[in-house]
Amino acid sequence: MTSKRGDASSSDVIIVGGGLVGLATARALQSVRGIGQITVLEKEPIVGAHQSGRNSGVLHSGVYYRPGSLKAELCREGRSEMVAYAAEHGIPFEICGKVIVATSTDECERLHAIADRARENGVRAELVGPRRLRDLEPAADGVEGLHVPDAGIIDFPAICRALAEELAGAGHQVVTGARVTAIDRRGSETVVVAEGASAAGGTAHETRTYRAPLLVSCAGLYADRLARLAGLDPGMQVVPFRGVYYELTPNARRYCRNLIYPVPDPAYPFLGVHFTRMTDGRVEVGPNAVLATAREGYDLGTWSARDLVEVVRWPGFRALSRRHWRKGAYETGLTLSKRRYVQAVRKLVPDIDRQDLVPCRSGIRAQALDTDGNMVDDFVILETDGQIHVCNAPSPAATASLAIGLHIANRVASHV
Ligand SMILES: Cc1cc2nc3c(=O)[nH]c(=O)nc-3n(C[C@H](O)[C@H](O)[C@H](O)COP(=O)(O)OP(=O)(O)OC[C@H]3O[C@@H](n4cnc5c(N)ncnc54)[C@H](O)[C@@H]3O)c2cc1C
């Protein structure tokens, strides 16, 4: 492999990460703050290659989140922004509504707590009995349901592409194939080194330097590593949680009209295996959540010793394992055994059979873990001299991305 150093390129803002949060932040910095030259650096050959392009495609309305939290505020605002953006750019979406289904009286109590939260968050949601539940989702079996009419589905990868095209069209740079490997604050500028394949092709590889007064890092699964690279102590470790999706066969799509969700376990930040009608008409079921063997380990055969050692050595990991080993074992069972997956799914839709589900894909969530072993619930955005780091942006950050971008743009006044 040969290596070559390119000339330094200057701009007003460098954004690391071409996922929804990075691209939406670039858009907001341009439109709200009128920033002249923005450079987005993305290590993959395309934008939206990780969480933003491998999620459930659900527009959340904001029923679950703690009132007053960033998640509650930015999900509500972001959903409206996202709907307007998709409508303006001809991107497929549909506000089809969803039901959260309680399958036992135990779960009803938790369902009522979600209904209370929805009210506090100003989100429409109605508790419904079994008859109305059957009208909404004939195949779902529950003792009670919560109907959330403003939830929807959307093509998030298409949103990523549209945002990138819009930025490039306005004269900004979206540089793909550029992996940031060093960040250094020098006086009033941040200097960033990125590596990528050389234009000459083959195994040749090129190092480029970028400089700007402001850097915003939106690096998803690598958010903590980028913060440390910049000399910050984020006080948290990103833990990758892998989730497996199945797809319903065309004949079995009749079991789900729109979106069918279980009542989530409040001890856990994930929403549970759910049924999602995608914008192309397919129905996906998933994802479960198991500690991944690499930050980008989409299949079981992909391991990274560095990623695993970092997680296991993190001070909060032992507490996390002690608290959640039962749930961890259950979720691992769902990954390893289709029979168990089908059993879990049948709690919501009893008519589903093993042959109705075909393996489909996986996604990996970036979930921050603090030093006490708590999974950090809210979005976390840290600031230091000339830099902003988005350190925790789990679900519903795809729905909320345009509002997260606006939130960041309003915080940068002190940096530019
Ligand atoms: C399985 C799953 C299901 C989900 N379902 C939903 C849902 O239905 N609705 C919803 O609202 N949210 C959902 N989410 C959450 C949502 O997808 C994420 O919160 C959101 O996409 C985060 O966006 P991001 O831009 O922060 O991260 P990402 O999309 O992961 O983008 C980060 C980018 O940074 C790049 N990067 C990292 N390191 C470097 C580096 N050193 N140099 C250059 N580039 C770098 C990566 O390549 C990546 O493209 C789900 C997530 C998952 C994984």
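This one's a predicted model, so the numbers in the text were calculated from it and none came from an experiment. Order of listing sets the numbers, starting from 1, for every ligand and every atom in it.
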Fill in: ligand 1 contact on His60 by region, counting heavy-atom pairs under 4.0 Å
side chain
Discussion item. If I take atom NE2 from residue His172 and atom CD1 from residue Ile38, how far apart are they, to the nearest 0.5 angstrom?
Written reply: 4.5 Å
Item to complete: For atom 25 (O) of ligand 1, find the nearest protein heavy atom and state the residue, atom name and distance (0.1 Å precision).
Response: Val21 N, 3.0 Å
Worksheet item: Heavy-atom contacts under 4.0 Å between Val16 and ligand 1: side chain, backbone, both, or neither?
Response: side chain
Worksheet entry | Protein contact of atom 42 (N) of ligand 1 - nearest heavy atom, named by residue and atom, plus distance | Val180 N, 2.9 Å
Worksheet item: What residue and atom, counting heavy atoms only, is the protein's closest point to atom 31 (O) of ligand 1, and at what distance?
Response: Gly19 CA, 3.5 Å
Practice prompt. Could you check if a side-chain atom of Leu74 sits within less than 4.5 angstrom of a side-chain atom of Glu81, using non-hydrogen atoms only?
Written response: no
Discussion item. Looking at every non-hydrogen atom in both residues, tell me the closest pair between Arg323 and Asp372 and how far apart they are.
Written reply: NH2-O, 2.9 Å
Practice prompt. Look at ligand 1 and say whether Ala24 reaches it with a heavy atom at a distance under 4.0 Å.
Written response: no
Worksheet item: So, is Asn55 polar-close to ligand 1, with some N/O to N/O distance under 3.5 Å?
Response: yes
Item to complete: Measure from atom 37 (C) of ligand 1 to every heavy atom in Ala178, Gly286, Ala219, Pro240 and give the option owning the shortest one.
Response: Ala219
Response to the item:
Counting heavy atoms under 4.0 Å, the part of Pro394 that contacts ligand 1 is backbone
Response to the item:
Nearest heavy-atom contact between Gly18 and Val40 is CA-CG1, 4.1 Å
Worksheet item: Under 4.0 Å from any heavy atom of Gly57, which atoms of ligand 1 are there?
Response: 8 (O)
Practice prompt. Could you tell me which atoms of ligand 1, counted from 1 in the order shown, lie closer than 4.0 angstrom to a heavy atom of Leu226?
Written response: 41 (N)
Worksheet item: What is the nearest protein non-hydrogen atom to atom 5 (N) of ligand 1, stated with its residue, atom name and distance?
Response: Ser56 N, 3.2 Å
Discussion item. Just to confirm my output: which protein heavy-atom neighbour is closest to atom 53 (C) of ligand 1, and how far is it?
Written reply: Ile364 O, 3.1 Å
Discussion item. Considering both backbone and side-chain atoms of Thr399, is one of its nitrogen or oxygen atoms within less than 3.5 Å of a nitrogen or oxygen in ligand 1?
Written reply: yes
Worksheet entry | Selected option - heavy-atom contact closest to atom 14 (N) of ligand 1, from Gly78, Ala182, Ala366, Ser395 | Ser395
Fill in: Nearest non-hydrogen protein atom, atom 18 (C) of ligand 1
Ala393 O, 3.8 Å
Response to the item:
Taking only non-hydrogen atoms of Glu44 and a 4.0 Å limit, the atoms of ligand 1 in range are 47 (O)
Discussion item. Quick check: Phe270 with Phe241 (ring centres under 6.0 Å apart)?
Written reply: yes
Item to complete: May I ask you to check whether Glu42 has an N/O atom sitting below 3.5 Å from an N/O atom of ligand 1?
Response: yes
Worksheet item: Do Ile15 and Leu29 come close enough that some side-chain heavy atom pair is under 4.5 Å?
Response: yes
Fill in: Nearest protein heavy atom with distance in Å, relative to atom 30 (O) of ligand 1
Gln51 NE2, 3.1 Å
Fill in: Test item: Glu144 and His112 side chains (from C-beta on) under 4.5 Å apart, heavy atoms
yes
Worksheet item: Closest approach of Ile404 and Phe379, non-hydrogen atoms and distance?
Response: CD1-CE1, 3.9 Å
Worksheet item: Can you find a pair of side-chain heavy atoms, one from Arg253 and one from Arg277, that are under 4.5 Å apart?
Response: no
Practice prompt. May I ask you to identify, for Val47, whether its side chain, its backbone, both or neither come under 4.0 Å of ligand 1 on a heavy-atom basis?
Written response: neither
Discussion item. Heavy atom to atom 9 (N) of ligand 1, shortest distance: which of Val40, Val58, Ile404, Ile15 holds it?
Written reply: Val58
Worksheet item: Using a heavy-atom cut-off of under 4.0 Å, does the side chain or the backbone of Arg365 touch ligand 1, or both, or neither?
Response: both
Worksheet item: Going by the angle between their ring planes, with limits at 30° and 60°, are His60 and Tyr64 parallel, tilted or perpendicular?
Response: perpendicular
Discussion item. Does the residue Gly243 have a heavy-atom contact with ligand 1, meaning some pair of atoms that are separated by less than 4.0 Å?
Written reply: no
Practice prompt. Check whether any N or O atom of Leu221, backbone or side chain, sits under 3.5 Å from an N or O atom of ligand 1, and answer yes or no.
Written response: no
Discussion item. Any salt bridge linking Arg295 with Asp224? Criterion: basic side-chain nitrogen under 4.0 Å from a carboxylate oxygen.
Written reply: yes
Worksheet entry | Nearest protein heavy atom with distance in Å, relative to atom 44 (N) of ligand 1 | Lys43 N, 3.2 Å
Worksheet item: Relative to ligand 1, is Ala223 under 4.0 angstrom through side chain, backbone, both or neither, heavy atoms considered?
Response: neither
Worksheet entry | Element-labelled atoms of ligand 1 that are located less than 4.0 Å from some non-hydrogen atom of Arg179 | 42 (N)
Worksheet item: Are Arg228 and Glu310 close enough for a salt bridge, meaning some N to O gap below 4.0 Å?
Response: no
Discussion item. Tell me whether Arg66 is salt-bridged to Asp377, with the criterion being a basic N under 4.0 Å from an acidic carboxylate O.
Written reply: no
Discussion item. Distance alone, cut at 3.5 Å: any donor-acceptor contact between the side chains of Arg411 and His407?
Written reply: yes
Practice prompt. Answer yes when Arg346 and Asp356 have at least one side-chain N-carboxylate O distance shorter than 4.0 Å, and no when they do not.
Written response: no
Worksheet item: With a 4.0 Å heavy-atom cut-off (strictly under), which part of Cys218 contacts ligand 1: side chain, backbone, both or neither?
Response: backbone
Worksheet item: Can you find a pair of side-chain heavy atoms, one from Pro264 and one from Ile114, that are under 4.5 Å apart?
Response: yes
Fill in: pair Thr190-Tyr210: side-chain heavy atoms closer than 4.5 Å
no
Fill in: Tyr245 six-ring face occupied by Arg361 cation (under 6.0 Å, within 45°)
yes
Fill in: Proximal atoms of ligand 1 relative to Ala397 (non-hydrogen, under 4.0 Å)
19 (O)
Worksheet entry | Under 3.5 Å: N/O of Tyr245 near N/O of ligand 1 | no
Worksheet item: Going by the order shown, which atoms of ligand 1 are within less than 4.0 Å of some heavy atom of Leu41?
Response: 43 (C), 44 (N)
Worksheet entry | Distance-only polar pair, side chains of Tyr298 and His50, donor-acceptor under 3.5 Å | yes
Worksheet item: Looking only at N/O atoms, are Arg54 and ligand 1 under 3.5 Å apart anywhere?
Response: no
Worksheet entry | Under 4.0 Å to a heavy atom of Gly17 - the qualifying atoms of ligand 1, by number | 33 (C), 34 (O), 35 (C)
